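Contents: one structure, followed by commentary.
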Amino acid sequence: MASLPLLVCFILCTYNSLAHGGNEEEHVLVAVPTSRYSEPAATCSTSRVRWLDEGSNTVSVPLVHRHGPCAPSTRSSDEPSLSERLRRSRARSKYIMSRASKSNVSIPTHLGGSVDSLEYVVTVGLGTPAVSQVLLIDTGSDLSWVQCAPCNSTTCYPQKDPLFDPSRSSTYAPIPCNTDACRDLTRDGYGSDCTSGSGGGAQCGYAITYGDGSQTTGVYSNETLTMAPGVTVKDFHFGCGHDQDGPNDKYDGLLGLGGAPESLVVQTSSVYGGAFSYCLPAANDQAGFLALGAPVNDASGFVFTPMVREQQTFYVVNMTGITVGGEPIDVPPSAFSGGMIIDSGTVVTELQHTAYAALQAAFRKAMAAYPLLPNGELDTCYNFTGHSNVTVPRVALTFSGGATVDLDVPDGILLDNCLAFQEAGPDNQPGILGNVNQRTLEVLYDVGHGRVGFGADAC
Ligand SMILES: *[C@@H]1O[C@H](CO)[C@@H](O)[C@H](O)[C@H]1NC(C)=O
Ligand SMILES: *[C@@H]1O[C@H](CO)[C@@H](O)[C@H](O)[C@H]1NC(C)=O
Ligand SMILES: *[C@@H]1O[C@H](CO)[C@@H](O)[C@H](O)[C@H]1NC(C)=O
Ligand SMILES: *[C@@H]1O[C@H](CO)[C@@H](O)[C@H](O)[C@H]1NC(C)=O
Ligand SMILES: *[C@@H]1O[C@H](CO)[C@@H](O)[C@H](O)[C@H]1NC(C)=O
Ligand SMILES: *[C@@H]1O[C@H](CO)[C@@H](O)[C@H](O)[C@H]1NC(C)=O
């Protein structure tokens, strides 16, 4: 069994090198063996991860999909169906788009996107001595939280690890109400009532309600976070959750990576320059990474585009074009005027109406050899039965300033034999760059320099 992923990788790598061979056509069309989809993922592989330089001012931790053999808690029976994943993702993206939409400023900020659609987790240490916590990463919300003891079965959902118990940590402290940190929390919409703590003095409460109906409330707290052995974040501010509900499952909490002051990224900006990156792996049986800090010596592997900051939490860039099989789709620049939010938690990219229609037509034309399946959650899905390999066109996204990003073939383009894009709203509304398109890329959110970078083949 152990050799299975190696075999899959061997086939993949062989095709990758074929694709980069001399044949002109292979620069725009790539043959992908369909057999790789039927190989069951059995073990977790970290072999593709390109780890960061030891010497640079960055710290990286493995990042894995919450389902599949890399997950810290493997319960494959819990894996939701594709249509369920897409339903959750759509709920999240609808919420994010309405909040980011220029015509809609009325949604309270204590609401976050759907937590339930989040799919990637990291393991960090919390407290002293550090205890492992498996956290969902979320670029669409800011405040991190974990479930905290004491909490009974009606107020906390079941999780794999023991609850974080602040009374066993020598570095834990609730944040008092009369602090700047608590006032900032209230200003940014995550605040809640002050409660009187056991040691006297009013404790700063927090509350978050997510778009999918799940919620968490508790005490805004101060603690030591261990990212990697010997690499700690002192005075990490997070929510110690004493009341959670909703469709969460098995994970200990959430790591907020948005752009507001409550986010881990902003809290650590004096050390890591307000930069972070991640690589989402091609498949659930491979690991990627989450890193704080920008690669100091090696920004050369990246293409950059300016970051547009209109809304505190979300990271927005301007897309300017798409090519399919080397040919640009024919749309005016105004088709992308709404901007694109880059999100770790939305699965399928949501593209504005005009751009989506043109992309769909070009992709279907390039894939005309394969029968289309009837519309389901997605409208461009293929039946590859009977084909030992499938020829997929390269798809590249171009961003403001000329940055061109080749999506991974096929894992950045296809999700379960479907084109991993769908139509969002009108052209002047924001779109969302989802996590399938981001697979195998290192996506660098360099907030300090006001730019987003994309590096190829990072995991
Ligand atoms: C604005 O927000 C409301 C309430 O959440 C929502 O129903 C509506 O669809 C949003 N409008 C746009 C254009 O996003
Ligand atoms: C759980 O804790 C809550 C709040 O402390 C309390 O109201 C509730 O009665 C408890 N439920 C059980 C089953 O112990
Ligand atoms: C967090 O704890 C540190 C000491 O451990 C202290 O210096 C800092 O003021 C605390 N922050 C808040 C907001 O309570
Ligand atoms: C992004 O696009 C919007 C709308 O077209 C434009 O106003 C803005 O200046 C652009 N920003 C960047 C950094 O390209
Ligand atoms: C896919 O194609 C095969 C062979 O052409 C056919 O037998 C099968 O019913 C098709 N599956 C679907 C879901 O249409
Ligand atoms: C794809 O499969 C066909 C047979 O179905 C074969 O003739 C062709 O050589 C294969 N292409 C590649 C690149 O493997």
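Read the numbers this way: they start at 1 and go in the same order the structure lists the ligands and their atoms. All values derive from a computational prediction rather than experimental measurement.
Interface atoms of ligand 4 facing S400, defined by a heavy-atom separation under 4.0 Å, are 14 (O). Atoms of ligand 4 found under 4.0 Å from any heavy atom of P306, numbered from 1 in the order shown, are 13 (C). Using a 4.0 Å cut-off to heavy atoms of S337, the atoms of ligand 4 that qualify are 4 (C).
Within a 6.0 Å radius of CG in N375, other residues, nucleotides and ligands contribute more than 12 heavy atoms. The number of heavy-atom neighbours closer than 6.0 Å to CZ of R183, taken from other residues, nucleotides and ligands shown, is above 12.
For atom 14 (O) of ligand 4, the closest heavy atom belonging to the protein is N318 ND2, 3.0 Å. In this structure, the protein non-hydrogen atom closest to atom 7 (O) of ligand 3 is D235 OD2, 4.3 Å. Among protein heavy atoms, the minimum distance from atom 2 (O) of ligand 3 is reached at N222 ND2, 2.3 Å. With hydrogens left out, the protein atom closest to atom 13 (C) of ligand 5 is L373 CD2, 3.8 Å, a heavy atom. For atom 3 (C) of ligand 5, the closest non-hydrogen atom of the protein is N383 ND2, 3.6 Å.
Looking only at distances, no side-chain donor or acceptor of D446 sits under 3.5 Å from a matching main-chain atom of V452. Here the side chain of Q438 pairs a donor or acceptor atom with the backbone of D343 at under 3.5 angstrom. No donor-acceptor distance shorter than 3.5 angstrom exists from the side chain of T313 to the backbone of G259, with no hydrogens or angles considered.
Note on ring orientation: taking the six-membered ring where Trp is involved, the planes of Y220 and H237 are perpendicular (angle over 60°, cut-offs 30° and 60°). In this pair, F236 and F238 present their aromatic rings parallel. The plane angle is below 30°, not in the 30 to 60° band.
Distance screen at 4.0 Å: atom 11 (N) of ligand 4 has a protein heavy-atom neighbour inside the cut-off. Shown here, atom 5 (O) of ligand 5 is out of close reach of the protein: none of its heavy atoms lies under 4.0 Å off.
Sulfur atoms SG of C148 and C240 are positioned under 2.5 Å apart.
Residue-level proximity to ligand 3 for H237 is carried by the side chain, the only part with a heavy atom below 4.0 angstrom.
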